[in-house]
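What follows is one structure encoded as structure tokens, with my remarks underneath.
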Amino acid sequence: MSARPYYIAGNWKMHKTRPEAAELARALAAALKGGKHRYLAAPGFTLIETVASIVKGTNIRLGAQNCAPEEQGAHTGEVSVLQLKDLGVDTIILGHSERRHVYKEDDALINKKVKLALAHGFEVILCVGELLEERESGRAEAVCETQTVKGLEGVAASDLGRVVIAYEPVWAIGTGKTATPEDADAIHAYIRKVVGRLYGEGAAEKILIQYGGSVKPENAAQLMAKENIDGALVGGAALKADSFVPIAMFS
Ligand code: 13P
């Protein structure tokens, strides 16, 4: 067992209206009170203010799922770090596979967002992960290495304490297929090694690496038992308290 805390995050993606979000946030705030891990709820932009008012003062951090690469300006349809800060957001998820593959965000754009978010004091969850064909052709480690190195390019060692990495194999997201705890742990160990090469052993030992991809109450504890898995970034199962709470309260 490492000295690192566990960090269980819910990525609500593009789900829920404000009343639905409020109901879930209230249920989580009540059920996770006294929970011993770190928690995050990342609702869609239009829900953030509603959720903020409920999780304020609780042990649930407030997340956003993306931000613009610029502070402000003529960027129709984008949301800025200044606007997210104004809402009380603590953490921004960046480089999610849906941003990379559906919305074609590349490593350079993601890196720009990472640096901007860190410069504004946010915690960043940098998502990395390989496609099925990349895994099948033996390139999973190389893909995760590139995304990690390029995502962190220019990030100062003094800011790394506010960076969390989420390993989300694309083939496991929303498919019901979970990486085996062994396979996930192997990639986590590899990413940790990459962070060690960039920032030194001490930083590698400290950085939190979440696993994401069909995490459910039934598989959470086995995944978390692995040495290099420090938490979860949960999608589908984060949409209901009934499934998120058992994951968040795993022991
Ligand atoms: P699922 O838990 O639905 O597979 O989604 C994982 C994910 O993409 C979290 O960011």
Side-chain angles (χ1 to χ4, degrees), residues 6-16 20-21 24 28 37-45 47-48 51 60-67 89-105 110 113-114 117 122-132 134-135 140 143-144 147-148 151 163-181 183-185 187-188 191 208-224 226 229-250:
Y6 285 106
Y7 190 2
I8 313 291
N11 173 6
W12 298 4
K13 304 194 179 180
M14 197 176 70
H15 292 285
K16 299 195 183 289
E20 291 164 351
L24 176 57
L28 296 181
H37 309 310
R38 284 182 74 183
Y39 304 119
L40 175 85
F45 292 129
L47 312 172
I48 290 177
V51 173
I60 303 173
R61 300 169 67 82
L62 184 64
Q65 300 169 18
N66 192 16
C67 68
V89 166
D90 303 298
T91 303
I92 307 178
I93 298 171
L94 293 169
H96 190 278
S97 78
E98 288 142 23
R99 301 302 319 170
R100 290 179 189 269
H101 298 293
V102 184
Y103 295 98
K104 308 296 177 208
E105 293 193 8
I110 294 161
K113 295 181 180 195
V114 166
F122 291 95
E123 174 181 77
V124 164
I125 298 180
L126 171 65
C127 303
V128 302
E130 80 284 359
L131 297 163
L132 183 60
E134 292 167 336
R135 169 155 289 259
V143 168
C144 293
Q147 292 177 350
T148 302
V163 175
V164 173
I165 294 178
Y167 169 56
E168 299 205 307
V170 181
W171 48 270
I173 296 177
T175 58
K177 282 187 212 151
T178 317
T180 64
D183 284 348
D185 190 55
I187 297 283
H188 283 226
I191 294 169
L208 301 185
I209 308 179
Q210 298 171 322
Y211 168 79
S214 298
V215 175
K216 307 181 240 316
E218 298 76 42
N219 58 24
Q222 287 149 287
L223 286 159
M224 298 308 125
K226 289 294 176 189
I229 302 182
D230 307 316
L233 183 54
V234 185
L239 297 176
K240 289 195 172 128
D242 281 356
S243 43
F244 189 72
V245 170
I247 298 171
M249 299 298 271
F250 89 91

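Each ligand, and each atom within it, is numbered from 1 in the order the structure gives. For reference, positions follow the sequence shown, starting with 1.
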Would you say the side-chain atoms of Lys113 pair up with the backbone N or O of Cys67, donor to acceptor, closer than 3.5 Å? yes

For Ser214, take its heavy atoms, then give the atoms of ligand 1 lying under 4.0 Å from any of them. 1 (P), 2 (O), 4 (O)

Would you say the side-chain atoms of Asp230 pair up with the backbone N or O of Tyr6, donor to acceptor, closer than 3.5 Å? no

Kindly list each side-chain donor-acceptor pair under 3.5 angstrom involving residues 211-218, sequence neighbours excluded, with atom names and distances?
| residue | atom | partner | partner atom | Å |
| --- | --- | --- | --- | --- |
| Tyr211 | OH | Ala179 | N | 3.1 |
| Tyr211 | OH | Gly213 | O | 2.9 |
| Ser214 | OG | Ala172 | O | 2.8 |
| Ser214 | OG | Gly176 | N | 2.9 |
| Lys216 | NZ | Gly176 | O | 3.4 |

Under 4.0 Å from a heavy atom of Gly174: which atoms of ligand 1 are those, numbered in the order shown and with their elements? 1 (P), 3 (O), 4 (O)

Gly213 neighbourhood, listing ligand 1 atoms whose heavy-atom distance to it stays under 4.0 Å: 4 (O), 6 (C)

Residue and atom name of the nearest protein heavy atom (relative to atom 2 (O) of ligand 1), distance in Å to one decimal: Gly235 N, 2.9 Å

N/O donor-acceptor pair under 3.5 Å between Lys240 side chain and Ala237 backbone: no

What side-chain hydrogen bond (donor to acceptor under 3.5 Å, both in side chains) pairs are there with at least one residue in residues 164-177, not counting sequence neighbours? His96-Glu168, Glu130-Tyr167, Glu130-Trp171, Arg135-Tyr167

Under 4.0 Å, counting heavy atoms only: does Lys13 come that close to any atom of ligand 1? yes

Looking only at protein heavy atoms, which one is nearest to atom 3 (O) of ligand 1, and what is the separation? Gly236 N, 2.8 Å

Can you check whether Asn11 has an N/O within less than 3.5 Å of an N/O in ligand 1? yes

Any atoms of ligand 1 less than 4.0 Å from a non-hydrogen atom of Ala172? List them with their elements. 4 (O)

Protein contact to atom 9 (C) of ligand 1 [nearest heavy atom, distance to 0.1 Å]: Glu168 OE2, 2.9 Å

Given 3.5 Å as the limit, does a donor-acceptor pair link the side chain of Gln210 with the main chain of Tyr7, or not? yes

If we ignore hydrogens and angles and just use 3.5 Å, is the side chain of Glu134 paired with the main-chain N or O of Leu131 as donor and acceptor? yes

